[in-house]
Structures are given as structure tokens and as C-alpha cells.
Amino acid sequence: MKQRIDTQIVPVNKKSPDRKILDAASILIKEGHLVAFPTETVYGLGADVFNAKAIQSIFSVKKRPSTDPLIVHIECINALTAVAINIPELAYELASRFWPGPLTLILEKHPKIPLEVTAGGASVAVRIPDHQTALMLIKSSGCPIAAPSANRFSKPSPTQAHHVWNDLNGKIALILDSGPTDIGLESTVLDLQQSPPCVLRPGGISFEELQSIIPDVQMRKSYLTEKKQTQISPGQLFKHYSPNAPLILFRGQTYKHAMYAHMENLMKKQQCVGAMLVEEDIAFFQKLIQMGGLFENLGSINRLHDVAKNLFTCMRNLDSANVDAILVCMPPENELGLAINDRLVRAATDVVCA
Ligand code: TXA
Ligand code: MG
């Protein structure tokens with residue numbers, strides 16, 4: 001049986017992190033332990049990128065398949081050459097525009113990066129996070145830090161320290177708590193090994209922003225087919241980022257009415273139902289809420305940044321309330337909406353087109 005570790009949560013000021021705390025955290029990293037830390041997107045579960053054993057423990061702690069490669073976090077652009085080789089000029093152009101920030105670049109792997117990090121592949125994912133706590137941790141550790149999102153595999157990514165605690169308590173040494181993350185969704189993953197470059201995962205930097213620098217940037221081909229398949233026959237295959245309760249996604253012009261009818265129906269069967277609602281829809285559901293239906297406010301549909309920021313927290317809150325089902329509508333697909341849609345479709349067990 002795996003030894004249980006005493007997991008500490010330590011508050012760290014987001015604007016000016018306490019150096020002593022970060023020095024202690026970096027000693028843990030150097031000793032091969034795992035440290036969860038905040039980024040501007042979601043919390044990451046970090047280890048010294050050059051310590052293959054520590055990297056392996058990331059996979060076992062998360063219960064993540066070893067075939068899914070990790071993102072390497074660096075602190076400054078000069079460190080890029082320690083992680084990747086044959087770096088194209090475009091990478092530097094993107095870095096100067098978007099780093100530090102929620103853009104992960106796929107480049108050719110440096111031979112010194114252990115294969116455990118890249119799941120045996122020849123490419124490596126890398127980004128500079130836009131968060132003082134993360135940057136100071138990397139700097140004090142003196143090495144790039146490999147980190148996936150700090151959740152149990154397939155659960156919603158953690159946007160607050162207690163989410164990490166709920167998933168990984170007893171399994172990791174330390175959680176640095178700088179409060180809720182700003183973006184709330186993971187970084188955009190852009191493959192520069194393909195020509196033209198291709199978005200593998202929509203995220204914090206929008207497709208439109210990338211198009212302003214790479215006019216012919218592509219969206220992963222399977223993205224649309226996967227989405228279609230999910231709509232026809234949801235199944236478990238692409239299920240990811242998912243709460244415990246089944247999540248039913250509503251789209252189409254009359255989604256509100258379909259969602260209301262479905263919620264009412266489930267409530268009549270004595271089920272505990274939670275709706276994740278955009279602010280503008282809350283009044284419409286008032287009657288069901290008064291009758292005991294639970295709801296989480298995603299924020300205004302006109303402020304997709306708020307919806308992104310609240311998304312995973314709302315899922316986790318409804319899970320904590322032990323609901324039997326979660327109902328949610330699909331926001332428009334522009335800007336951050338694309339990433340929000342991606343996460344919702346992956347989390348969904350059913351999609352209702354109304
Ligand atoms: O915002 C984020 O990206 C957060 C924070 C902690 O940085 N990290 C994160 O890591 O979301 P993770 O492991 O949950 O997701 C990393 C994604 C996965 O979809 C993985 O397949 C992809 O990046 N990825 C990593 N290395 C890759 C590679 N060499 N080639 C293609 N995809 C890669
Ligand atoms: Mg993840």
C-alpha cells in the first residue's frame with residue numbers, strides 16, 4: 001500500500017509571494033516531491049522536470065495514463081532552449097505576444113527531457129505561466145517544472161486550492177494556495193510541429209487571437225468529429241473534466257424551455273437536480289429554484305471570461321451538494337466560448353438539441 005503523506009495547504013500572497021514559503025516549496029521539488037501550485041489558468045501538480053521518478057509519481061497520484069504527456073513550465077524565455085531544440089522563429093513571435101500566459105507550444109523535445117514527461121514522444125509542451133507564485137516556484141527550484149492540472153484524472157480541473165485538497169489530500173506534500181485562479185480554464189495547446197500550426201486544445205488564448213499572428217492556424221481535425229459523435233452518441237469515450245453527476249448539455253434556440261421541462265420532470269421523480277445557469281436565465285428558472293432545485297450562477301453570457309472562471313467551480317459545487325444530475329446550456333462558440341464548449345461537451349453524458 002502507498003504511504004499516506006501529510007498534505008499541507010499554505011496560503012501565499014498572489015501579488016507578492018513570501019520568499020521563505022517558496023524556498024521551502026522549492027526544496028520539496030528538488031527532493032523529488034510533488035507540489036501543487038496556482039497558475040493563471042488552473043492549479044498545477046508540479047515536479048522537477050529532470051527527475052523521472054518524481055514525474056512517474058505525478059501519473060500515479062493523479063491516476064493518469066502514462067500515455068498522456070505533461071506541460072513543462074518555464075520561468076523566462078531563455079529557459080526555452082533547455083527544454084526544446086530547433087525552435088522556430090514563430091515560437092519566439094508567439095512567446096513575445098502571449099507569454100507569460102495561457103498558451104502552450106508543442107516543440108521538438110530537448111534530449112535531456114525525460115521520456116516520462118513527453119509520454120515517449122519526440123515533442124514537448126511548454127509555457128510560461130502568468131502567475132507570481134508559479135514563476136517564483138520555478139525560479140527558486142532552479143529547474144523547469146512539469147505539471148498537469150492538479151485534479152484526479154478525468155475530474156474537473158482545480159481552480160481553487162481546496163479542489164486540489166479534495167482530490168489529492170494524503171498523496172502530495174504541499175498545496176500553495178493563492179486563491180481562485182483568474183482564467184479558470186486550461187491553456188490553449190498549439191502544435192508548432194505541424195504545418196500550418198494546429199490547435200490541439202482550445203483554451204485561455206482564443207483561436208481569433210492566434211489567427212491575428214498565424215492567419216492559417218488550424219483547429220484539430222478530430223475536434224469537430226469528436227463533438228459530433230458526442231452529440232449523437234455521447235458514451236464515455238471522450239468523457240473528461242467531468243463531475244460525478246451526469247451532466248446534460250442543452251443547445252438550440254429553445255434550450256431554456258427544454259432545460260426547464262427536463263429539470264421539472266426529474267424533480268417530480270424526487271431527484272436532486274442542479275442547474276448551471278447564466279445570469280440572464282436565472283429568473284426563468286425561479287419557480288423550480290423555489291421548489292428546491294439547486295442552481296449555480298455561471299455569470300453573464302456577455303462576459304465569457306466570468307463563465308470560464310466559474311465553470312469548473314460550479315461543477316464541483318454541485319457535486320459537493322450530491323446532485324443526481326447537472327443541467328447546463330451551451331454558450332456561443334466565439335472567443336473563450338470555444339474552450340468553454342469543449343470542456344462542456346467532454347464533461348457531458350448527454351446533449352439535448354432543442
Ligand atoms: O493551463 C494549463 O495548461 C494547465 C496548467 C497547470 O499549466 N495544465 C494542464 O495540463 O492543463 P494537463 O496535463 O491537464 O493538460 C495538458 C494537455 C493534455 O491535453 C496533453 O495531452 C497535451 O497538453 N500535451 C502535453 N504534451 C504534449 C505533446 N508533446 N504533444 C501533444 N499534446 C501534448
Ligand atoms: Mg488536465
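What you are looking at is a predicted structure, and each value in this text was computed from that prediction instead of being measured. We're numbering straight along the sequence, starting at 1. Values reported hereafter were calculated over all heavy atoms of this structure, with side chains retained and with hydrogens, waters and symmetry mates removed. Indexing begins at 1, ligand by ligand and atom by atom, following the structure's order.
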*Asks:* Please state which option from Val42, Leu190, Thr104 has its nearest heavy atom closest to atom 4 (C) of ligand 1.
*Replies:* Val42

*Asks:* Does the N or O separation between Thr41 and ligand 1 drop below 3.5 Å for any pair?
*Replies:* yes

*Asks:* One thing to verify: whether Lys53 and Glu116 come together as a salt bridge, which I'm taking to mean a side-chain N less than 4.0 angstrom from a carboxylate O.
*Replies:* no

*Asks:* Around atom 3 (O) of ligand 1, find the nearest protein heavy atom and jot down its residue, atom name and distance.
*Replies:* Ser187 OG, 2.5 Å

*Asks:* Can you tell me if Asn244 and Lys155 form a side-chain donor-acceptor pair at under 3.5 Å?
*Replies:* yes

*Asks:* Apart from Ile5 itself, what residues make up its hydrophobic cluster when side-chain heavy atoms of I, L, V, M, F, W and Y under 4.5 Å apart count as a link, directly or indirectly?
*Replies:* none

*Asks:* Considering distance alone, does some N or O of Tyr43 sit under 3.5 Å from an N or O of ligand 1?
*Replies:* no

*Asks:* Give me the nearest non-hydrogen protein atom to atom 25 (C) of ligand 1 as residue plus atom name, then the distance to 0.1 Å.
*Replies:* Pro69 O, 3.3 Å

*Asks:* Relative to ligand 1, is Leu200 under 4.0 angstrom through side chain, backbone, both or neither, heavy atoms considered?
*Replies:* side chain

*Asks:* Considering the heavy atoms of Asp68, write down every atom of ligand 1 situated less than 4.0 Å from one of them.
*Replies:* 18 (C), 20 (C), 21 (O)

*Asks:* Looking at the Mg ion (ligand 2), is one of the N, O or S atoms of Ser149 less than 2.8 Å from it?
*Replies:* yes

*Asks:* For Lys109 and ligand 1, answer yes if some heavy atom of the residue is under 4.0 Å from a ligand atom, otherwise no.
*Replies:* no

*Asks:* What I want to check is whether the side chains of Thr159 and Thr181 have a donor and an acceptor closer together than 3.5 Å.
*Replies:* no

*Asks:* Measure from atom 15 (O) of ligand 1 to every heavy atom in Arg201, Glu108, Arg127, Glu186 and give the option owning the shortest one.
*Replies:* Arg201

*Asks:* Just jot down the ligand 1 atoms closer than 4.0 angstrom to any heavy atom of Pro148, in number order.
*Replies:* 10 (O), 12 (P), 13 (O)

*Asks:* Suppose we measure from atom 14 (O) of ligand 1 to each protein heavy atom; which comes out shortest, and what is that distance?
*Replies:* Ser149 OG, 2.9 Å

*Asks:* Testing Thr104, Ile205, Leu105, Leu103 for side-chain contact (heavy atoms from CB on, under 4.5 Å) with Val189, which one passes?
*Replies:* Thr104

*Asks:* Do any N/O atoms on Lys62 end up under 3.5 angstrom from N/O atoms on ligand 1?
*Replies:* no

*Asks:* Students often mix this up, so state it plainly: with edges at 30° and 60°, are the rings of Phe284 and Tyr260 parallel, tilted or perpendicular?
*Replies:* perpendicular

*Asks:* Is it true that Tyr255 and Asp281 share a donor-acceptor pair across their side chains at a distance under 3.5 Å?
*Replies:* yes

*Asks:* Find all atoms of ligand 1 within a distance of less than 4.0 Å from any non-hydrogen atom belonging to Val189, and give their numbers and elements.
*Replies:* 23 (O)

*Asks:* The criterion is salt bridge (Lys or Arg N to Asp or Glu O under 4.0 Å); which residues satisfy it with Asp319, sequence neighbours excluded?
*Replies:* none

*Asks:* Relative to atom 26 (N) of ligand 1, which among Pro38, Ser123, Ala125, Gly101 owns the nearest non-hydrogen atom?
*Replies:* Ala125

*Asks:* For atom 6 (C) of ligand 1, find the nearest protein heavy atom and state the residue, atom name and distance (0.1 Å precision).
*Replies:* Gly44 CA, 3.6 Å

*Asks:* Any side-chain donor-acceptor pair under 3.5 Å between Glu335 and Ser206?
*Replies:* yes

*Asks:* Applying a strict 4.0 Å limit to heavy atoms, is His73 in contact with ligand 1?
*Replies:* yes

*Asks:* Looking only at the side chains, is there a donor atom on one of Arg201 and Ser187 sitting less than 3.5 Å from an acceptor on the other?
*Replies:* yes

*Asks:* Looking only at side-chain N and O atoms, does Ser300 offer a donor or acceptor that is under 3.5 Å from a partner on Glu280?
*Replies:* yes

*Asks:* Out of Ile71, Leu103, Asn151, whose heavy atom is nearest to atom 16 (C) of ligand 1?
*Replies:* Ile71

*Asks:* Under 4.0 angstrom from ligand 1, any heavy atom of Ile106?
*Replies:* yes

*Asks:* Considering the heavy atoms of Arg64, write down every atom of ligand 1 situated less than 4.0 Å from one of them.
*Replies:* 12 (P), 13 (O), 14 (O)

*Asks:* Should Arg127 and Glu40 count as an ion pair when the cut-off is N to O under 4.0 Å?
*Replies:* yes

